[in-house]
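A short worksheet on the structure shown next.
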Amino acid sequence: MGRILTMPLDREPEIDKKERLEVMRHSAAHVMAEAVQSIFPDARFGIGPSIENGFYYDFELPRSLTPDDLPSIEAKMGEIIALNAGFIREEMTKEKARRLLAAQPYKLELIDEIPDETVSLYRQGSFVDLCRGPHVTAAGEIKAFKLLNIAGAYWRGDEHRPMLQRIYGVAFDTEEALSEHLLWLEEIKKRDHRKLGRELEIFIFDDEVGPGLPLWLPNGGIIIEEIEKLAKETELKHGYVRVRTPHLAKEDLFKRSGHLPYYAESMYPPMEIEGVRYYVKPMNCPMHHKIFASKTRSYRDLPLRIAEYGTCYRYEKSGELLGLMRVRSMQMNDSHIYCSETQFGQEFAAVVFLYLEYFKIFDIKEYYMRLSTHHPSGLGKKYVNNSAMWLKTEDMVRRAMDSNNIPYREAVDEAAFYGPKIDVQVKSAIGQEYTLATNQVDFAQAESFDLKFANEKGQEERPLIIHRAPLSTHERLVGFLLEHYGGAFPVWLAPVQVTVIPVADRHLDYARKLEAGLSSEGVRVKVDARSERMSLKIRQAQLDKVPYMLVVGDKEVATATVSVRLRSGEQLPAQSLASFEETVRTVIADKARDLK
RNA sequence: GCCAGCGUAGCUCAGUGGUAGAGCAGCGGUUUCGUAAACCGCUGGUCAAGAGUUCGACUCUCUUCGCUGGCUCCA
């Protein structure tokens, strides 16, 4: 139902404001379409909704747009808004709407899909659009807006259909809010993990090595070592065993596992050795299944939790790569848990609780769990063809989540090929949502690998398998953490934890003594021994986001103390080295974010 | 992979159909300094790669590679 937007007084002002903005953004999309139509009379129109912070509209045009077109479209929009034409809603039969929009094939397609007998159209100035509404009453209500970029977008999101040209814009109710938003866009560029990764010398990509194949620099190596240490300690505590497996395997293994039928398009092409085809592994599971099958298993062995930081390779289309977030070589915090059906609920929930344990350490608060289920239309194509097991395991996951009061959302058609999964969606500090951790059920591979164990009655039973990667891959986790912390890692992860800054060269001996003391405590410490001014060294340590700076000059040497500057700029009281060591030890041991 | 844009020194960026520039970084000196940039000098480039147009291409055209923003796809 179209609704003329007025100002109801009985509504929550915040909700009302949000809705009013959405309506205004949607109307801005129509105005943009009108502007485009006036420049390209033959334009064909796709859809033009409001989105977070703004709007877009998809067009089919006689030529490609370039960024240079945006100012003239913006100017035209300004003229349209100045005319303040009313948005007029008309309801009519589909037949009449088809005649009116006869030159608009995309609109005709949309009309065909509307179940109702009548449809609504909105008219403003010279532009008419099929639209559910609502809209502003007149174009003059559209306030501060800006067109940001153009992009290709497949009609209806289908890569087999034509690619339209999309223009994105942002719109706010005041100029202040708009410039605030534009400022924020500038700010988040500084927090981009690709920029921070280069500045802090965490990782690089090299054209000759290849796209999506990161090289970890020494600083990145330290962070990865720390994360692995955490994973190994935690997994030991939770009863996991560690294995190691090769990067390659014969074709037959991946045929058996189901990767070749269901996952081939994400795998690198095979290589042939002595007449046998080998594939680089996209996942570790088949290898772990072989380890499970390497001897007779009893119910007493279960749950068997096999863990490995396995390196996997996946072919991602070139346009899909994104810094560390989407790569082609990755090290996964992988494990496969083999358990009986009765153990499943508890094991599955234990993995979810493991996520929460990690998220607490990394101070990750913005996330939600997503139950990704199959869609029947994908059976035998995307998904292993066993409808009964899909329904059964999806229900088992729901029960495991519900009985532990863990909230989740369901997403149909997002499952892995071998079973449903819980994905943990996190929002990075710069607003992008990623699947970080994952917890997957596998009902298919136990059968294809003929995995079994002897139960209490001495009968053979199939285990269920849980694939899990709570710490994601090193690549995605470090990429996420770079943005999450803005490069200012907590001390336990910081590549350099303490920089000692001698005021003048004569303080170098004392600085070296401090370095030796801290180093023997396992603290990652460096002396900035350059013949430079102290303030330059402080600046350098600040830019490197080193948590602690120890400034030492005549005063410190004389009193055998250290002057502690935090990277926040805060100054701690002068103290003995022993006292500082105590602080650092505690902060590292607690994996604390606070430096004091 | 698709659409568009971009690619100049290690980094950030100027620049032009007629001999390639700056700041920072690096290197060599001078300076020995108290909480975010001392001073002087030097080095550093097949202007992403290849082909074409032109008397002459870093600049114009084409192809390839890479990156960026989206779309599609995903840990």
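Numbered from 1 within each chain, the chains take letters A, B, ... in sequence-line order.
- Of the P atoms belonging to B:U46 and B:G50, the separation is 11 Å, rounded to the nearest Å.
- Ranking B:A37, B:G34, B:C11 by closeness to the A:M534 side chain, first place goes to B:G34.
- Atoms OH (A:Y262) and P (B:C73) sit 20 Å apart, rounded to a whole Å.
- For CG of A:D158, the number of neighbouring non-hydrogen atoms (other residues, nucleotides, ligands) closer than 6.0 Å is greater than 12.
- For the P atoms, the distance linking B:U61 with B:G7 amounts to 13 Å, nearest Å.
- Remark: P of B:A25 and CD of A:E199 are 15 Å apart, rounded to the nearest angstrom.
- Salt bridge present: A:E347 and A:R305 bring a charged side-chain N and a carboxylate O closer than 4.0 Å.
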What dot-bracket string describes RNA chain B from 5' to 3', counting Watson-Crick and G-U wobble pairs whose defining distances are under 3.5 Å, with [ ] for crossing pairs and | for pairs to another strand?
(((((((..((((....[..)))).(((((.......))))).....(((((..]....))))))))))))....

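- The pair A:R530-A:D528 meets the salt-bridge criterion, since a charged nitrogen lies less than 4.0 angstrom from a carboxylate oxygen.
- A gap of 14 Å separates the C1' atoms of B:A57 and B:A20, to the nearest Å.
- Close to B:A37, at under 4.0 Å from its OP1 or OP2, lies no side-chain N or O of A:R530.
- A:L543 comes within 4.0 angstrom of a base, heavy atoms only.
- Between B:U35 and A:R533, no contact under 4.0 Å exists linking OP1 or OP2 to a side-chain N or O.
- For A:L185 and B:U68, the CG to P distance is 17 Å, given to the nearest whole Å.
- Nucleotides B:C6 and B:A48 place their C1' atoms 12 Å apart, quoted to the nearest Å.
- For A:H181 and A:F172, the ring centers sit closer than 6.0 Å to each other.
- Only at 4.0 angstrom or more do the heavy atoms of residues 363-379 of chain A sit from any atom of RNA chain B, so none qualifies.
- Side chains of A:R242 and A:Y240: a donor-acceptor N/O pair is absent below 3.5 angstrom, by distance only.
- Annotation: B:U64 and B:A9 have their P atoms spaced 24 Å apart (nearest Å).
- The phosphate of B:A36 (OP1 or OP2) has a side-chain N or O of A:R565 nearer than 4.0 angstrom.
- Heavy atoms of A:M332 sit nowhere under 4.0 angstrom from any nucleic acid atom.
- In this structure, the nucleotide among B:U35, B:C2, B:A75 sitting nearest to the side chain of A:Q571 is B:U35.
- A:K421 has a side-chain polar atom (N or O) that falls below the 4.0 Å cut-off from OP1 or OP2 of B:A75.
- Picking from B:G34, B:A36, B:G69 the nucleotide with the shortest atom distance to the side chain of A:V503 gives B:G34.
- For A:Y154 against B:G1, a side-chain-to-base donor-acceptor contact under 3.5 Å is present.
- Counting only heavy atoms from C-beta on, A:R166 has its side chain closest to B:C71 among B:G34, B:G1, B:C71.
- Taking every side-chain heavy atom of A:Q440 into account, B:A75 is the closest of B:A75, B:A37, B:G34.
- Contacts of A:A153 with the nucleic acid, taken as non-hydrogen atoms under 4.0 Å apart, involve only primed sugar atoms and P, OP1 or OP2.
- Among the nucleotides B:U72, B:U68, B:C33, the one closest to any side-chain atom of A:K317 is B:U72.
- Of the residues near RNA chain B, A:G319 and A:Y263, the one whose nearest nucleotide (by heavy atom distance) lies more toward the 5' end is A:G319.
- Across the protein-nucleic acid pair, A:I150 atom CD1 and B:G70 atom P stand 13 Å apart, rounded to whole Å.
- At least one donor-acceptor pair under 3.5 Å links the side chain of A:Y548 to the backbone N or O of A:L595.
- For A:E316, whose side chain is taken as the heavy atoms from C-beta onward, the closest listed nucleotide among B:G66, B:A4, B:C73 is B:C73.
- Annotation for A:Q432: atom CD counts as buried by contact number, over 12 foreign heavy atoms lying within 6.0 Å.
- Salt-bridge check for A:D544 with A:K526: failed, with every basic side-chain N at 4.0 Å or more from each acidic carboxylate O.
- The cationic group of A:R314 does not satisfy the cation-pi geometry with A:Y268, failing either the under 6.0 Å distance to the six-membered ring centre or the 45° limit from the ring axis.
- At the heavy-atom level, A:K555 lies under 4.0 Å from base atoms of the strands shown.
- Distances shown here put a side-chain N or O of A:R506 below 4.0 Å from the OP1 or OP2 atom of B:C33.
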Go through A:F45 and A:L110 one step at a time and tell me if the side-chain contact (heavy atoms from CB on, under 4.5 Å) criterion holds.
CA-CA 11 Å; A:F45 297 92; A:L110 294 174; over 6 Å; no

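- For A:S64, counting side-chain heavy atoms from C-beta on, the closest listed nucleotide (B:G34, B:A4, B:C33) is B:A4.
- Distances shorter than 4.0 Å separate some side-chain N or O of A:Y168 from OP1 or OP2 on B:C71.
- Going from the P atom of B:C24 to that of B:C60 covers 31 Å, rounded to whole Å.
- As a whole-Å value, the separation of A:R314 CZ from B:A75 P is 7 Å.
- For A:R156, no side-chain nitrogen or oxygen approaches OP1 or OP2 of B:C71 to under 4.0 Å.
- Atom CG in A:D69 sits roughly 16 Å away from atom C1' in B:G69 (whole-Å rounding).
- Atom P of nucleotide B:C73 and atom CZ of A:F417 are separated by 19 Å, given to the nearest angstrom.
- Atom P of B:G45 sits at a distance of 28 Å from the matching atom of B:A38, rounded to the whole Å.
- A:D544 places its CG atom 16 Å from the P atom of B:A36, with the value rounded to the nearest Å.
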Side-chain donor-acceptor pairs of residues 198-213 of chain A under 3.5 Å, sequence neighbours excluded:
residue	atom	partner	partner atom	Å
A:E199	OE2	A:K195	NZ	3.0
A:D206	OD1	A:E208	N	2.8
A:D206	OD1	A:V209	N	3.3

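- If you take atom P in B:A4 and the same atom in B:G41, they sit 49 Å apart, rounded to whole Å.
- The base of B:G34 is paired with the side chain of A:E556 by a donor and an acceptor separated by under 3.5 Å.
- Judged by the 6.0 Å and 45° rule, A:R476 forms no cation-pi pair with A:Y434.
- Salt-bridge formation is not detected for the pair A:R370/A:E433: no Lys NZ or Arg NE/NH1/NH2 atom is positioned less than 4.0 Å from an Asp or Glu carboxylate oxygen.
- Residue contacts shown for A:S535 are limited to sugar-phosphate atoms, with no base heavy atom under 4.0 Å away.
- Across B:A75, B:A37, B:U32, the shortest atom-to-atom separation from the side chain of A:S531 is found for B:U32.
- Residues A:K195 and A:E320 both approach RNA chain B. Their nearest nucleotides, taken by heavy-atom distance, put A:K195 toward the 5′ side.
- Of the listed nucleotides (B:U31, B:G66, B:C73), B:G66 has the atom at the smallest distance from the side chain of A:D207.
- A salt bridge links A:E60 with A:R44; the closest basic N to acidic carboxylate O contact falls under 4.0 Å.
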